[in-house]
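Chain naming here is simple, since letters A, B, ... match the order of the sequence lines and numbering starts at 1 in each.
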Amino acid sequence: MFSKKTALTLFGVLVVLLMIAAQCAAPAQPETIIQTVEVVKTVEVEKEVVKEVEVEKTVEVEKIVEVTPTPEPGALGAQCTYNAYRMGWVMDYADPNNIVNEVFHPDSPFQYTFWDNDQFRSLVDEALVTSDQTAREKLWQEAERILLNDAVAVIPIFHYDRTALVKTGLNASFPPFGAPILWKWSWEDGTDTLRYRIATDPPTLDPQLATDTTSHLVIEQLMETMYGYAEDGTIEPVGAIDYTVSEDGTVYTVQLDPEAKWSDGEPVTAQHYVDGITRLLDPATAAEYAYVMYYIEGAQEFNTGEATDPNVLGLKALDDYTLEITLTGPQAFFDSILAFFTTFPARLDVIEAGGDLWFQTNFVGNGPYLLKEWVHDDHVTIEANPDHPRGAQASIKTIEYPIIVEDATALAAYENDELDVSGYPSEELPRILEDPVLSQEFTRLPRPGVYYLGLNTLLPPTDNVHFRKALAMSIDKRAILDDVLNMPWRIDAYGVIPPEIYGYQDGNVGYGFDLDAAQEHLQKYMEDAGIEDPGDITIQLWFNRGNEDVIESVESQWEENLGINVNVVNMEWGVYLETLDQCNNP
Amino acid sequence: MHRFIINRLLWGIPVLILVTIVTFGFMQLVPGGPFTAGSEGRPVPPEIQANMEAKYGLDKPVWQQYLNYMERLIFHFDFGPSLRKPGRSVNSILFGENQVAKIVMERLRRDLGSEAQGITFLEEPGFMSTEVILVKKGEIYGKVKIYGSERLEALRRTLSTAPVMVSAQVGAVSLLIAIAVGIPLGLFSALKQNTWIDYLAMFISLLGVSIPNFVLGIILIFVFAIWLGWLPVYGWGESWKQVIMPAVTLGTGGTAFIARLTRASMLETIRQDYIRTARAKGLHERAVVVRHALKNSMIPVVTVLGPLTAAWLTGSFLVEWVFSIPGIGKFFVTSIGDRDYTLIMGTILIYAGALVMFNLAVDITYAFIDPRIRYD
């Protein structure tokens with residue numbers, strides 16, 4: 001009774017599913033470690049170290065090589081055969097804490113290098129309690145130097161930026177953090193509309209749940225928090241008037257602007273800020289960026305479910321317009337967080353009444369613009385709120401965000417004068433840079449962050465610091481940017497702190513391109529390991545799809561400059577992160 | 001015939017259930033979950049992932065997740081919340097938003113001005129609601145009547161702007177082009193075999209099959225939107241002009257394919273004995289072709305039209321991508337990259353349902369065009 005057609009249908013569906021699965025499935029398993037032969041020889045040298053770690057392991061001693069004492073050798077999963085992996089970080093707020101500590105601290109969930117260093121740990125601890133910015137800068141810089149020059153746990157490649165086409169006659173500004181503040185924008189001819197292309201439907205406009213740039217480009221016009229970023233990267237009061245810090249650096253008291261109003265006319269009170277941050281931290285909300293607020297007393301306990309009472313949080317509305325925030329300890333950078341979107345206020349009455357849909361049916365915000373229309377996958381339109389102090393000042397009254405996913409289509413629409421701000425497909429870049437009009441409209445926007453390679457400090461041969469230095473010194477980053485990516489304007493990175501942030505050290509940290517020094521370090525490693533021919537060394541370089549250009553260039557540079565073999569393993573993004581995650585938490 | 005249809009429809013149910021089981025299983029097997037990757041290209045810390053999994057019930061055993069999903073789907077026709085678009089349901093992503101609520105809100109904004117800010121509904125109105133209670137600042141604000149004309153307008157908007165309907169519209173126009181151009185082209189080629197007409201038609205269809213949709217779309221934009229300025233570059237639903245380029249882009253490959261198939265099938269048919277008999281009877285050539293050859297040569301064409309229709313009506317990834325059309329085609333690809341489990345299930349189920357339906361339609365059509373097939 002199971003007719004042929006039904007069976008065929010079923011078969012067809014199965015084939016489709018298999019194809020989907022094949023698309024996502026993990027790549028061929030990387031080969032097992034090639035270095036085992038050399039390993040036996042180094043054991044003699046390292047026996048002392050091994051004994052310190054675990055006495056009962058002596059039987060299997062030939063498997064343990066040059067172990068850095070602190071991390072347990074067993075922490076490395078059997079599948080973790082990478083020597084180097086690609087990763088990037090775009091910063092959230094203007095303090096090196098957001099990158100040196102939150103990303104590269106040995107305990108950070110965002111890095112997979114297994115590195116550790118006591119001096120680095122104490123420098124970070126000290127930086128967090130140092131309120132003087134010059135002194136703090138020195139500490140971050142020293143910590144950065146240990147990470148890059150002593151430990152060589154990461155190799156920065158370049159600093160991120162963003163580019164866009166912006167029509168002539170539009171006075172646009174892009175602060176390094178947060179979305180562009182569109183109420184400050186204007187047209188020279190006084191036009192009061194703007195068409196700003198976005199590449200995807202905003203996943204959500206819920207201020208506590210949105211984390212991506214597209215959503216924030218809209219939300220940050222509809223919402224304001226206590227402070228905002230000016231074009232030069234400094235913070236300026238928006239929803240607040242001023243703040244004070246207690247002497248021990250743990251209590252921030254923020255004076256809010258009593259004139260601030262929600263779009264339905266209600267005043268914005270300190271309690272709304274308490275509600276907003278509490279909602280972000282509530283495990284039931286499951287906000288991705290909740291961890292950014294773990295600096296607040298009780299936040300981690302509340303967010304991880306250890307404490308269920310929101311009163312454990314160090315948040316207090318002293319009166320209608322005074323907010324008190326108590327931190328777990330002195331966090332000298334916390335003023336930057338007051339400008340970050342994790343501190344948006346919330347109107348629980350609106351959210352509860354509207355269910356999950358509140359932000360679509362009737363968005364009540366405290367920002368200069370109002371949400372007028374959101375047609376999914378088509379466009380979002382916002383309008384200046386005449387009752388809002390900054391909304392009333394806005395020169396551009398109506399902003400439309402057409403949703404165009406394909407860059408080539410967006411460029412066509414831009415050239416057809418259907419858009420004012422747009423992206424472009426990278427293949428078109430040479431033409432844009434040569435075009436007399438488009439080259440003038442081509443704009444580089446700041447995007448503080450770093451694109452880097454992390455090195456596995458547990459697995460041979462990258463467990464050897466000389467080998468890691470050899471790797472770091474044999475990449476010509478300028479050549480990658482100029483010749484491979486065709487982005488001559490992009491900044492090559494030697495440190496992890498980006499140029500937009502205080503503490504940037506330019507070429508004074510990390511290692512530049514130096515083939516002679518690289519060869520010296522390679523020789524030292526080969527002597528240590530008893531290897532005669534660099535051709536006997538093979539390393540695994542993992543990366544995720546979409547980075548082929550850069551990674552293939554690194555691969556060929558390492559192979560040519562050092563004479564070693566590099567196996568590259570390419571994975572789909574989700575698979576990649578999960579595989580790396582499993583290595584860190586086996 | 002009725003029994004056959006009912007029988008086949010009933011058989012569709014186990015097929016779809018099997019599809020849900022296989023899809024659900026495969027999703028779990030693929031490494032990386034919806035919350036492994038954050039939205040700005042960074043990993044999500046484990047404790048945050050745990051919160052997210054608990055919120056959507058992904059911390060439960062897989063069989064329990066599956067049963068919960070099926071329970072919601074079967075008894076409430078609820079495809080669940082999207083995992084990567086917080087606050088949005090898969091139903092609203094695929095079938096469009098609550099247009100009644102939108103229309104009432106538009107009216108309130110018009111009548112009340114800024115006073116309408118912050119008003120929400122006590123309960124979301126549906127298509128059949130005649131009135132709805134309004135809430136503001138946690139208190140009942142009032143009650144508004146929903147007029148019949150507004151409900152009609154909501155229905156009209158849903159039919160024209162719901163993502164599944166948008167995809168179906170693009171697919172339907174493309175399908176019309178493919179059939180209206182492809183079949184005559186194939187017939188002419190076959191009847192004028194080995195003449196310049198045949199060669200020209202087959203050359204055109206070779207081009208049509210060979211040019212990828214994506215390239216064709218960009219070429220069309222370049223020529224007709226930028227160069228000639230006749231058509232808008234992108235978009236959907238504002239003007240009939242926006243239909244042309246997407247439909248031609250999607251339809252070209254199918255047109256060419258159908259033309260070649262029709263030609264081959266027609267050539268085979270007109271060499272059959274019964275055609276020779278018809279000609280021997282002294283029938284006019286036109287009658288031979290239209291009455292005897294045409295129907296029979298359509299059997300392979302109809303066979304491929306089933307899955308083709310199912311695929312086209314559920315949206316085309318590339319065409320929607322290039323022309324920024326708010327359909328469901330792109331979710332077939334993006335939902336997998338995002339590991340948005342519920343959205344993957346929703347898109348696969350719609351496609352599987354369409355396949356079942358259109359293959360059934362093909363079988364029924366057989367009964368009309370092939371005298372050897374009867375479902376009695």
Side-chain angles (χ1 to χ4, degrees), chain A residues 5-6 9-10 12-14 17 20-21 23-26 88-90 109-110 203-204 206 209 211-213 263-264 283-284 286 288 290-291 303-304 349-350 353-354 356-359 361-362 364 376-378 387 403-406 408-409 412-413 415-416 418 573-575 577-579 581 585, chain B residues 8 11 15 18-19 22-23 26 29-32 36-48 51-52 54-55 84-88 97 101 105 114 117-121 135 137-138 163 218 221-222 225-226 233-234 236 307 321-324 326 330 336-337 339 352 355-356 359 363:
Chain A
K5 194 99 299 186
T6 321
T9 310
L10 202 63
V13 170
L14 272 170
L17 291 171
I20 293 164
Q23 228 235 321
C24 300
W89 183 264
V90 176
F110 298 122
T204 180
D206 187 320
L209 288 172
T211 50
D212 62 295
T213 343
S263 54
D264 64 350
E288 184 189 328
Y291 70 89
N303 187 244
T304 51
D349 57 330
V350 177
D356 262 349
L357 280 171
W358 72 273
F359 57 84
T361 48
N362 206 341
V364 177
H376 292 291
D377 288 298
D378 196 79
D387 301 328
I403 298 158
I404 305 175
V405 274
E406 170 53 38
T409 313
E415 290 192 79
N416 221 18
E418 293 174 41
W573 182 230
V575 178
L577 283 180
E578 172 121 348
T579 319
D581 245 5
N585 314 295
Chain B
R8 283 289 301 273
W11 263 111
V15 169
L18 197 63
V19 169
V22 175
T23 314
F26 264 116
L29 287 179
V30 174
T36 321
S39 43
E40 274 299 273
R42 53 172 74 169
V44 179
E47 58 266 48
I48 306 284
N51 282 344
M52 293 173 164
K55 178 175 178 178
R84 293 302 297 263
K85 294 170 185 288
R88 294 200 59 199
E97 297 161 86
M105 201 54 80
S114 62
Q117 277 289 324
I119 292 180
T120 43
F121 306 108
V135 181
K137 293 175 193 166
I218 299 283
I221 291 181
F222 187 73
I226 299 187
V233 176
Y234 71 97
W236 187 260
W321 188 272
V322 172
F323 294 101
S324 282
K330 54 178 167 297
I336 294 168
R339 306 286 193 278
L355 262 185
V356 169
N359 275 327
D363 284 354

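- Atom CD1 of B/I221 and atom OG1 of A/T409 lie 4.0 Å apart (nearest 0.5 Å).
- When heavy atoms are compared at a cutoff of 4.5 Å, B/P46 approaches chain A solely by way of its side chain, counted from C-beta outward.
- A distance of 5.0 Å separates CD of A/E578 from OG1 of B/T36, quoted to the nearest 0.5 Å.
- Between the NZ atom in B/K85 and the OG1 atom in A/T204 there is a gap of 10.0 Å [rounded to 0.5 Å].
- The two atoms that bring A/V405 and B/S324 nearest to each other are N-OG, 3.5 Å, heavy atoms only.
- Heavy atoms closer than 4.5 Å to chain B are found in the backbone of A/A284, but not in its side chain.
- For the residue pair A/P203 and B/R84, the shortest heavy atom distance occurs at CB-O, 3.7 Å.
- Of all the listed residues (A/I403, A/D377, A/N416), the one sharing the greatest number of non-hydrogen pairs under 4.5 Å with chain B is A/D377.
- When heavy atoms are compared at a cutoff of 4.5 Å, B/V135 approaches chain A solely by way of its side chain, counted from C-beta outward.
- Both the backbone and the side chain of A/I404 have a heavy atom closer than 4.5 Å to some heavy atom of chain B.
- Here the CD-OH distance, from A/E418 to B/Y234, works out to 6.0 Å after rounding to the nearest 0.5 Å.
- Your options are B/A54, B/P163, B/A225, B/P43, and the one with the most heavy-atom pairs under 4.5 Å with chain A is B/P43.
- For A/N303, the side chain to side chain donor-acceptor pair (under 3.5 Å) test picks out A/Y294, B/N51, with sequence neighbours left out.
- Of all the listed residues (A/T213, A/V90, A/V364, A/D387), the one sharing the greatest number of non-hydrogen pairs under 4.5 Å with chain B is A/T213.
- Judged as a ring pair (Phe, Tyr, Trp, His ring centres under 6.0 Å), and not counting sequence neighbours, the contacts of B/W321 are B/F317.
- Considering all non-hydrogen atoms of both residues, B/P326 and A/H376 come closest at CB-O, 3.6 Å.
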